[in-house]
J.: 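This structure is in structure tokens; I'll ask about it shortly.
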Amino acid sequence: MYRSHTCGELNISNIGSEVTLSGWVQRIRNLGGMTFVDLRDRYGITQLVFNMDANADLCLRARELGREYVVSVRGKVCERSNKNPKMPTGEIEIEVERLDLLNTSELPPFTIEDETDGGDELRMKYRYLDLRRGALQKNLYLRHRMASEVRFYLNSMDFMEVETPFLIKSTPEGARDYVVPSRLNPGEFYALPQSPQMFKQLLMISGYDKYYQIVKCFRDEDLRADRQPEFTQVDCEMSFVEQEDLLKTFEGLTKHLFMKLKGHEFSGPFPCTPYRQAIDSYGTDKPDIRFGMKIREITPAVKGEGFAIFDNAEYIGGICVRQGASFTRKETDQLTSFVKKPQIGAKGLVYVKFKEDGSVSSSVDKFFGEEKLKSLMDQFNAGTGDMLLILAGERRKTLKALGELRLEVAGRLGLRKDGEFAPLWVVDFPLLEWDDETQRYYSMHHPFTSPKDEDIPLLDTDPGNVRANAYDLVINGVEIGGGSVRIHNSQLQQKMFEILGFTPRQAREQFGFFMDALRYGTPPHGGIAFGFDRWVALFGGSESIRDYIAFPKNNAGRDVMINTPSPISQEQLKELKIKVEK
RNA sequence: GGUCCGGUAGUUCAGCUGGUUAGAAUGCAUGCCUGUCACGCAUGAGGUCGCGAGUUCGAAUCUCGUCCGGACCGCCA
């Protein structure tokens, strides 16, 4: 028998018991006459004690152990004379009677501690060692518990989990596909799913009216700290529902997870804001509403007053920073260089400070009198001590820059608090987006998203202004999930493909099976997909999803542990009838 | 496709405007130590300064290229 208990469960109540423990050697403290060994498994750490007086031979053997050796010990649980209140097992130790060395270990390249000395690069290469660390084990356990609670909740609501294929068909819409060559069909390729979208809709057509799946999805796009080439979605779909039903159901799931994993209860329904309003007030479709500082447009108020930068701008807007008048010149300069960074792209920053003594100071005093600036103050409901930050330029870009500035300032002021969660439904997304480069419309969500009934007439006259029955769940400025009510009418679906620039023939080739299916009694349906990795990271308190994935890829899509992607042999290529260009 | 940051001992880092033998901490090894828990003390080993070229009397340091890692913009229905 390797173990009777784990290294995390013994305490004062077990005193006197004979136990067997197995695990890894965390650390050895050799005091000469006696030696302490910390034994670790994923449940905790238990101190082993060896004494020269009691058993010199055993004690000498214990001193020979090294870090990460695997051992099994038998001994008696004893009360410590010096207790350690910092650890759960700190009141006891094991007086070892028998020590079995199960395996030795090379010296690890970094320390297996919560506060490791290893850098990212090294830890990724030795991921299996990194995963031994408590911090990572905690993250993966959180992930496991969240997945369990998702299943528990959805199962209890009569959802059923159905698997869908990974080897599917490449489609021209959306992200780039990962592609898999077919040996049995030379020159032809499968694609890995970007999401099981059509399959879950087909399941609705098949009558599985409440479906979910915790499933891998694949997108061949450039990566970020919160984007992996393969990622996990909680993919859901329901039949006989309207948007309200969907939001209510998945708000329920969200609240359940918050309750079970964060002990956090929300009073009342999540707030809901139309896309248009999110853009106007926050400069983004995924606003962080843990704090206010909403963007306001002031174009009419300040345009045409002789300040060329404003007079030539399509849009002028700003945010009000409470108590911002105390910002130093250095700080406002830093904010100016922040907005001028190429990623933000603003030309400059105008500030107006309303000082405690009632005076106003601004970077545009030359152009605007004190009275004019004070009337601006009223537009923002600003008081003494506050500061306005104003940007001007092209409407879309300026709003986006203001959104970034808002986050930057809030970050500096500590308004984006860690333990606080502010969920938000963003609804009424546009159905389509115009692309200048290819001169055509693209689906903002995907081509199966239904337009709002009242906007359907606009499909012919003003497609860019058609709103969709589409929604995102945003928490603390992170897009956690998104979905829509789908099109369940084959004529409307066909029309969508037309608007997206497909000829009837192309639509037939790409989506024929799906349009056929729609004709066989498709129920009204809709759904949502949650970015599971991001959700876990949000709950775990990190921006990087890599810390919550057992074996992640780096920002070039490489797995540096197994060193892939990698070339394949000439034989494999030949079999697949593939020639590689150099 | 683009921008920025980094690469020096096993590890994390310092090393200024180029100038003696490239340092610290930690880890590791050895010795001492009977209540440690980041044990302590002493001694010691450990380096192609990512790689290549250039500038220079002289390069870890400056320049260019390249590789690797990270962050971001574009991209991600």
J.: May I ask you to say whether A:Asp460 pairs ionically with A:Lys495, meaning some side-chain N is under 4.0 Å from a carboxylate O?
T.: yes
J.: How far, in whole Å, is B:G2 from B:U66 if one measures between their P atoms?
T.: 11 Å
J.: Is the shortest side-chain N/O distance from A:Arg29 to OP1 or OP2 of B:U36 below 4.0 Å?
T.: no
J.: Please check: side-chain N/O of A:Arg67 versus main-chain N/O of A:Trp24, any donor-acceptor pairing under 3.5 Å?
T.: no
J.: So what does A:Arg67 hit on the nucleic acid, given a heavy-atom distance under 4.0 Å: a base, only sugar-phosphate, or nothing?
T.: sugar-phosphate
J.: Could you tell me how far apart A:Glu64 (CD) and B:C28 (P) are, to the nearest whole angstrom?
T.: 14 Å
J.: What's the gap between B:U17 and B:C5 when it is taken at their P atoms, as a whole Å value?
T.: 15 Å
J.: Determine the Euclidean distance between corresponding P atoms of B:G19 and B:U63; express it in Å to zero decimal places.
T.: 15 Å
J.: Is it the case that the base of B:G35 and the side chain of A:Glu93 share a donor-acceptor contact (distance under 3.5 Å, atom types as modelled)?
T.: yes
J.: Which part of the nucleic acid, if any, lies within reach of A:Thr171 when heavy atoms closer than 4.0 Å are counted: base, sugar-phosphate only, or nothing?
T.: nothing
J.: Of the listed nucleotides (B:U36, B:U11, B:A38), which one gets closest to any side-chain atom of A:Phe36?
T.: B:U36
J.: Which comes earlier along RNA chain B counting from the 5' end, the contact point of A:Asn30 or that of A:Ser81, where each point is its nearest nucleotide?
T.: A:Ser81
J.: Rounded to the nearest Å, what distance is computed from the CG atom of residue A:Asp472 to the C1' atom of nucleotide B:C76?
T.: 13 Å
J.: Could you report the tightest heavy-atom contact between A:Pro287 and A:Leu424, atom names first, then the distance?
T.: CG-CD2, 3.4 Å
J.: How would you summarise protein contacts on nucleotides 66-74 of chain B per nucleotide, using B for base, S for sugar-phosphate only and - for none, with heavy-atom distances below 4.0 Å?
T.: --SSBBSBB
J.: With a non-hydrogen cut-off below 4.0 angstrom, is A:Lys86 in contact with a base, only sugar-phosphate, or nothing?
T.: sugar-phosphate
J.: Atom CD1 of A:Ile28 to atom C1' of B:G35: distance rounded to whole Å?
T.: 17 Å
J.: With no hydrogens and no angle check, just 3.5 Å: does a side-chain donor-acceptor pair link A:Asn14 and A:Ser17?
T.: no
J.: Taking atom P in both B:A24 and B:G65, what distance in whole Å separates the two?
T.: 36 Å
J.: Could you state the CD-C1' distance from A:Glu79 to B:C37, rounded to the nearest angstrom?
T.: 17 Å
J.: Which is true for A:Phe110 with a 4.0 Å heavy-atom rule: it touches a base, it touches only sugar-phosphate, or it touches nothing?
T.: nothing
J.: Take atom OH of A:Tyr69 and atom P of B:C28, then tell me their distance rounded to the nearest Å.
T.: 12 Å
J.: Between A:Leu31 (CG) and B:A38 (P), how many Å, whole number?
T.: 13 Å
